[in-house]
Amino acid sequence: MADIDYALIRRKQNQKYNYQSSKSSKQRKYNENAAKLKRLYKVKSTLQAQKGNANSRHKGIKSYAESSSYSYNWTGNKADRTKNNIRNRIVSSYSTFVKQIDNHLDALCDEITRLENENKRLNGDIFYLGSLINSLTNEIEKLFN
């Protein structure tokens, strides 16, 4: 009967435990990221819809302010001031609003990509740790033979 090296077995079991702990930690982080990504995809969809609506409103108001039929029967200083006010304030504000939505969408896309990339790395680490755990389990089993 072969001598069993209990110290070696303990070291291998500790190593296996450490790999399992690391794998569990990475799996939790992966799951947290996946949940965040799910929420961020919804936010992205909402922002894209809002950008489309704001863009449509911007184009509509701009077209209205620039059309000649806008002030067909209305002339004078008040008409000119109102038309300039619409063009310079409202149309300009919508343009700024669309640009701000665009900036937020860009930042959101960057965060989504960061989380997706992190999850790809975590997924690789999880598979690798699973492989190490499997090999250690085999080594420990063989030590008892």
Side-chain angles (χ1 to χ4, degrees), residues 1-72 74 79-145:
M1 184 165 189
D3 291 330
I4 298 176
D5 187 348
Y6 290 108
L8 179 59
I9 291 171
R10 262 189 298 252
R11 281 195 308 274
K12 296 284 184 184
Q13 287 175 330
N14 284 338
Q15 193 176 13
K16 180 182 168 189
Y17 172 78
N18 289 337
Y19 287 153
Q20 287 171 326
S21 177
S22 180
K23 182 182 175 199
S24 294
S25 173
K26 289 177 185 287
Q27 186 65 55
R28 271 191 304 280
K29 182 65 176 167
Y30 179 91
N31 293 342
E32 288 170 9
N33 286 351
K36 285 179 189 176
L37 283 166
K38 188 176 180 180
R39 292 188 306 268
L40 290 176
Y41 293 139
K42 289 179 184 177
V43 170
K44 181 180 177 185
S45 176
T46 300
L47 275 178
Q48 287 171 328
Q50 287 179 351
K51 179 184 174 187
N53 291 338
N55 239 342
S56 293
R57 288 184 184 127
H58 173 252
K59 288 177 184 175
I61 292 171
K62 184 176 179 182
S63 173
Y64 175 75
E66 292 174 353
S67 74
S68 59
S69 62
Y70 161 70
S71 60
Y72 179 68
W74 191 25
D80 292 340
R81 279 195 311 258
T82 301
K83 189 173 183 178
N84 285 335
N85 198 16
I86 290 172
R87 187 181 313 116
N88 295 334
R89 290 188 180 187
I90 297 173
V91 172
S92 165
S93 292
Y94 261 105
S95 178
T96 301
F97 181 59
V98 170
K99 287 176 187 171
Q100 287 176 344
I101 291 175
D102 237 359
N103 291 339
H104 288 293
L105 266 173
D106 290 348
L108 186 61
C109 288
D110 289 344
E111 180 63 8
I112 287 171
T113 299
R114 186 191 69 76
L115 288 171
E116 287 172 338
N117 289 342
E118 183 177 0
N119 268 9
K120 289 179 189 301
R121 284 189 297 277
L122 286 168
N123 202 29
D125 291 349
I126 291 165
F127 282 124
Y128 179 69
L129 287 166
S131 173
L132 291 175
I133 292 166
N134 190 45
S135 294
L136 278 171
T137 301
N138 182 51
E139 285 182 39
I140 293 167
E141 185 178 323
K142 289 189 319 187
L143 288 171
F144 281 106
N145 289 340

Worksheet item: Taking atom OH of Tyr17 as the centre, does the number of heavy atoms from other residues, nucleotides or ligands within less than 6.0 Å exceed 12?
Response: no
N/O donor-acceptor pairs under 3.5 Å from side chains in residues 21-28, not counting sequence neighbours:
{"from": "Ser24", "atom 1": "OG", "to": "Gln20", "atom 2": "O", "distance (Å)": "3.0"}
{"from": "Lys26", "atom 1": "NZ", "to": "Asp125", "atom 2": "OD2", "distance (Å)": "3.2"}
{"from": "Gln27", "atom 1": "NE2", "to": "Asn31", "atom 2": "OD1", "distance (Å)": "3.1"}

Measure the [atom1]-[atom2] distance between [X] and [Y] for me, rounded to the nearest 0.5 Å.
X      : Y      : atom1 : atom2 : answer
Thr113 : Leu108 : OG1   : CG    : 9.5 Å
Leu115 : Asn33  : CG    : CG    : 5.0 Å
Ile9   : Ile4   : CD1   : CD1   : 5.5 Å

Distance-only donor-acceptor pairs under 3.5 Å for side chains of residues 90-100, two or more places apart:
{"from": "Ser93", "atom 1": "OG", "to": "Arg89", "atom 2": "O", "distance (Å)": "2.6"}
{"from": "Thr96", "atom 1": "OG1", "to": "Ser92", "atom 2": "O", "distance (Å)": "3.0"}

Salt bridge (Lys or Arg N to Asp or Glu O under 4.0 Å) with [X]: which residues, sequence neighbours excluded?
X      : value
Glu116 : none
Arg114 : Glu111, Glu118
Lys62  : none
Asp5   : none

Worksheet item: Are side-chain N/O atoms of Gln15 and Tyr19 paired as donor and acceptor at under 3.5 Å?
Response: yes
Worksheet item: Does Asn88 have any side-chain contact (heavy atoms from CB on, under 4.5 Å) partners at least two apart in sequence or in another chain, and if so, which?
Response: Asn84
Worksheet item: Between Ile112 and Leu37, which heavy-atom pair has the shortest distance, and what is it?
Response: O-CD2, 3.6 Å
Practice prompt. Of all the heavy-atom pairs spanning Ala34 and Asn119, show the shortest one and how long it is.
Written response: N-ND2, 3.6 Å
Item to complete: Compare all side-chain heavy atoms of Asn123 with those of Lys120 and state whether any distance is below 4.5 angstrom.
Response: no
Worksheet item: What pairs of residues pass the salt bridge (charged side-chain N to carboxylate O under 4.0 Å, His left out) test when at least one of them lies in residues 30-46, not counting sequence neighbours?
Response: none
Side-chain donor-acceptor contacts of residues 130-141 below 3.5 Å, not counting sequence neighbours, with atom names and distances?
{"from": "Ser135", "atom 1": "OG", "to": "Ser131", "atom 2": "O", "distance (Å)": "3.2"}
{"from": "Thr137", "atom 1": "OG1", "to": "Lys16", "atom 2": "NZ", "distance (Å)": "3.3"}
{"from": "Thr137", "atom 1": "OG1", "to": "Ile133", "atom 2": "O", "distance (Å)": "2.8"}
{"from": "Glu139", "atom 1": "OE1", "to": "Lys12", "atom 2": "NZ", "distance (Å)": "2.5"}

Worksheet item: With Asp102, which residues qualify under side-chain hydrogen bond (donor to acceptor under 3.5 Å, both in side chains), at least two apart?
Response: Lys51
